[in-house]
A.B. asks: 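Can you keep this structure in mind? I'll have questions shortly.
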Amino acid sequence: MTNVLQCLEEQGKSKHDLSRDSGVSVSFISDLTTGQGNPSLKVMAKIAAALDVPLAFLLERCDLPPGAQELLAEHKPLSSVPQGFQRVSLVLTDYQAFVARKWAQDARKMMHR
């Protein structure tokens, strides 16, 4: 689950921090992030809550560039967003969410230039 590693890197947290905040063992988190763990949705929901991201983000396809998953497996952190950008998870009103989606579209266009 490279999305978990992405979140940890982007938030400046360690696997130990995630273990403490989620109640999931460091050993299982390590297995999960190396592709050896097979978590239940309940465990993934705990991890998502601890990372303050939607569960769907952890389950969706990873948006890392080619080759980055291998770097992460070797414990060489790589952020999925360029410098000057941040990934955030928010609870918004319907209108605010509409505006935020527009901002996200604009940011994706800027990142892919």
A.B. asks: Give a yes or no on whether Leu58 and Leu41 share a hydrophobic cluster (residues Ile, Leu, Val, Met, Phe, Trp, Tyr; joining criterion: side-chain heavy atoms under 4.5 Å apart).
C.D. replies: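 Linked, Leu58 and Leu41 end up in one cluster.
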A.B. asks: Go through the structure and list residues passing salt bridge (Lys or Arg N to Asp or Glu O under 4.0 Å) with Asp17, not counting sequence neighbours.
C.D. replies: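 Applying salt bridge (Lys or Arg N to Asp or Glu O under 4.0 Å) to Asp17 gives Arg20.
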A.B. asks: Considering non-hydrogen atoms only, spot the tightest contact between Leu32 and Pro39 and give its length.
C.D. replies: CD1-CG, 3.5 Å
A.B. asks: Membership question, hydrophobic clusters at under 4.5 Å side-chain separation (ILVMFWY): are Phe85 and Trp103 in the same one?
C.D. replies: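 No, Trp103 does not connect to Phe85 through the hydrophobic network.
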A.B. asks: In Å and rounded to the nearest 0.5 Å, what is the OG to CD distance from Ser14 to Glu9?
C.D. replies: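 One gets 11.5 Å once the value is rounded to the nearest 0.5 Å.
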A.B. asks: Can you name the nearest heavy-atom pair linking Lys15 to Ser30, along with the distance?
C.D. replies: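 Nearest pair, atom of Lys15 first, then Ser30: CD-OG, 3.7 Å.
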A.B. asks: I would like to know whether Cys7 and Ile47 meet side-chain contact (heavy atoms from CB on, under 4.5 Å); could you show each step before the answer?
C.D. replies: CA-CA 10 Å; Cys7 290; Ile47 291 171; over 6 Å; no
A.B. asks: Taking the side chain as every heavy atom from C-beta outward, state whether Asn3 and Gln6 have any atom pair closer than 4.5 Å.
C.D. replies: yes
A.B. asks: Can you tell if the side chain of Val43 reaches within under 4.5 Å of the side chain of Phe28, non-hydrogen atoms only?
C.D. replies: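 They are in contact (side-chain heavy atoms under 4.5 Å apart), so the answer is yes.
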A.B. asks: Give a yes or no on this: more than 12 heavy atoms of other residues, nucleotides or ligands lie within 6.0 Å of atom CG of Asp106.
C.D. replies: yes
A.B. asks: Is Val24 close to Leu18 at the side-chain level, that is, under 4.5 Å between some pair of heavy atoms?
C.D. replies: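 The answer is no; the side chains never approach within 4.5 Å.
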A.B. asks: Any side-chain heavy-atom pair from Leu51 and Asp21 closer than 4.5 angstrom?
C.D. replies: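 Side-chain contact under 4.5 Å: no.
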A.B. asks: When rounded to the nearest 0.5 angstrom, what is the spacing between CG in Asp31 and OG1 in Thr33?
C.D. replies: 8.0 Å
A.B. asks: A side-chain contact here means heavy atoms from C-beta on lying under 4.5 Å apart; do Gln11 and Val53 qualify?
C.D. replies: yes
